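Accompanying notes for the structure given below.
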Amino acid sequence: MDVSFLGGPQPQRGVGVVAPFDFALDRELWRWVPDQVSLHLTRTPFVPVEVSLDLARLVSEHETLHEAVRALCAIAPEVVAYACTSGSFVGGVAGERAMCAAMTQAGEMPSLTTSGALLGALREIGARRIAVVTPYTKSVTDSLEEYLGEAGITVTGRAYLGLTRHIWKVPYRDVVDMARQAVVGAADALFISCTNLPTYDVIPQLEAELRMPVLSANQVTMWAALRAIGERAVGPYQALLDPAARRGPAGMAGMDHFVGPVEPVVIPSVPLVDPAPSLPLPEPEAALAGPPQGPDGDPGEGLDPAFGSGTGDGPYLDESGGAPPAM
């Protein structure tokens with residue numbers, strides 16, 4: 001059969017992605033990508049270290065990034081994104097900027113990181129006070145809060161799991177539980193950290209329940225990378241990406257003025273949360289629920305048995321590390 005009339009495949013625009021060796025959510029990244037764009041992923045070399053500040057430093061060394069970006073140059077992407085939150089905030093704001101400079105020099109193309117993309121997304125939605133959810137240990141979560149503080153962002157509440165491995169196996173139920181516990185005080189938005197933590201499907205649910213924008217590590221990475229080449233990320237009912245979600249039932253009608261051009265816009269901070277009590281909301285859909293929790297409300301009980309001793313006792317809500325009260 002002669003198929004020459006098809007004219008060959010349609011031209012594709014390329015986005016290069018450098019991920020840590022243990023990154024397991026390639027498919028989730030693709031869900032934010034429009035059909036005319038291809039992702040080209042490469043990974044940093046394996047090191048026998050669990051998720052920690054030490055690992056964050058190892059996977060973000062400039063020599064490691066240089067080699068990864070040089071490998072991507074063979075297929076000439078238009079932009080390169082470093083998809084690792086802890087690896088890009090561990091050196092602070094100056095360290096993140098130095099990483100971008102090192103990648104840009106290695107590939108002679110625009111470069112960005114997850115943590116830098118987060119700051120851009122917070123500017124986009126006008127958020128200065130945020131709640132934070134992480135799967136990390138306390139020390140790594142502290143480092144994220146320090147990075148945000150350097151950038152002028154206040155953390156109003158936080159919850160973390162204390163995990164050191166197998167983060168990609170955390171069910172949506174645990175992400176939702178942490179989010180509910182972290183959102184205290186007058187937060188403008190919620191940020192779910194770690195590119196190895198699944199979040200795509202849970203973002204709309206949390207925005208509707210919490211009545212505020214919800215950002216995640218993979219979401220902001222893809223949003224920033226696609227924005228850098230003049231494309232838009234695909235994320236139905238996600239306030240950062242979807243104008244309809246900013247006007248929708250999540251109670252964020254006041255965000256209409258944030259909808260604008262692809263070029264970044266700096267907007268003064270405005271409260272996005274109504275301080276008045278809201279009407280009761282329905283329970284999350286069962287489709288997003290993970291395995292049932294244990295009798296003590298410990299999310300670790302619902303995780304894959306393969307977590308073993310790598311599972312923390314979280315979520316933790318305060319500096320004492322005490323378990324939260326039953327919800």
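Since we're looking at a predicted model, the values are computed, not measured.
Look at Asp142 and Lys138 and you find a salt bridge, because one of the NZ, NE, NH1 or NH2 atoms lies within 4.0 Å of a carboxylate O, short of that distance. For Asp26 and Arg31, the salt-bridge test fails: no basic side-chain N is under 4.0 Å from an acidic carboxylate O.
Rounding to the nearest 0.5 angstrom, the gap separating the CE atom in Met99 from the OG1 atom in Thr104 is 11.0 Å. A distance of 7.5 Å separates CZ of Arg57 from OG of Ser143, quoted to the nearest 0.5 Å. Taking OH from Tyr172 and OH from Tyr200, the interatomic distance works out to 9.5 Å, rounded to the nearest 0.5 Å. In this structure, CZ in Arg97 is found 13.5 Å from OG in Ser88, a value given to the nearest 0.5 Å. The distance from the CD atom of Gln219 to the CD atom of Glu28 is 10.0 Å, given to the nearest 0.5 Å. For the atom pair CD1 (Ile130) and CG (Leu215), the distance works out to 7.5 Å, reported to the nearest 0.5 Å.
At distances below 3.5 Å, not a single donor-acceptor pair connects side-chain atoms of Asp188 with backbone N or O atoms of Ala127. Side-chain N or O atoms of Glu150 include none that pairs as donor or acceptor with a backbone N or O of Gly92 at under 3.5 Å. Remark: the backbone N or O of Pro204 is not paired with any side-chain donor or acceptor of Glu207 at under 3.5 angstrom. Formation of a donor-acceptor pair under 3.5 Å by the Ser52 side chain with backbone atoms of Glu50 is found in this model. Using a distance-only test at 3.5 Å, with no hydrogens or angles considered, a donor-acceptor pair links the side chain of Arg13 to the main chain of Ile229. At distances below 3.5 Å, not a single donor-acceptor pair connects side-chain atoms of Thr64 with backbone N or O atoms of Ser60. Judged by distance alone, with hydrogens and angles left aside, the side-chain atoms of Tyr147 form a donor-acceptor pair with the main-chain N or O of Ser115 at under 3.5 Å. A donor-acceptor contact shorter than 3.5 Å is absent between the side chain of Arg43 and the backbone of Val18.
For the residue pair Tyr136/Ser193, the side-chain donor-acceptor check at 3.5 Å is satisfied. Thr114 and Thr195 share no donor-acceptor pair across their side chains, judged by distance under 3.5 Å alone. Side-chain N/O atoms of Thr113 and Glu96 include a donor and acceptor closer than 3.5 Å. A donor atom on one side chain and an acceptor atom on the other are not found under 3.5 Å apart for Trp223 and Glu124.
Both Met109 and Leu112 are assigned to one and the same hydrophobic cluster, defined by single-linkage of ILVMFWY side chains at heavy-atom distances under 4.5 Å. Both Val33 and Leu72 belong to a common hydrophobic cluster when Ile, Leu, Val, Met, Phe, Trp and Tyr are linked at side-chain heavy-atom distances under 4.5 angstrom. Both Val47 and Val90 are members of a single hydrophobic cluster when ILVMFWY side chains are connected at heavy-atom separations under 4.5 Å. Each of Val234 and Val79 belongs to its own hydrophobic cluster when Ile, Leu, Val, Met, Phe, Trp and Tyr are linked at side-chain heavy-atom distances under 4.5 angstrom. Hydrophobic clustering (side-chain heavy atoms under 4.5 Å, transitive across Ile, Leu, Val, Met, Phe, Trp, Tyr) groups Ile192 together with Trp168.
Between Ala182 and Val133, the closest heavy-atom pair is CB-CG2, 3.9 Å.
Checked options Val175, Asp174, Asn218; the residue passing with Leu197 is Val175 (criterion: side chain to side chain contact (heavy atoms under 4.5 Å, CB included)).
Relative ring orientation between Phe46 and Phe21 is described as perpendicular, the plane-to-plane angle rising above 60° on a 0-90° scale split at 30° and 60°.
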Let me see the working for Ile167 and Phe23 under side-chain contact (heavy atoms from CB on, under 4.5 Å), right down to the final yes or no.
CA-CA 9 Å; Ile167 289 172; Phe23 180 72; over 6 Å; no
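Summarising the local packing, CD of Gln105 is surrounded by 12 or fewer heavy atoms from other residues, nucleotides or ligands at distances under 6.0 Å. Gln36 CD: more than 12 foreign heavy atoms inside a 6.0 Å radius.
For the pair Thr85 and Thr221, the minimum side-chain heavy-atom distance is 4.5 Å or more.
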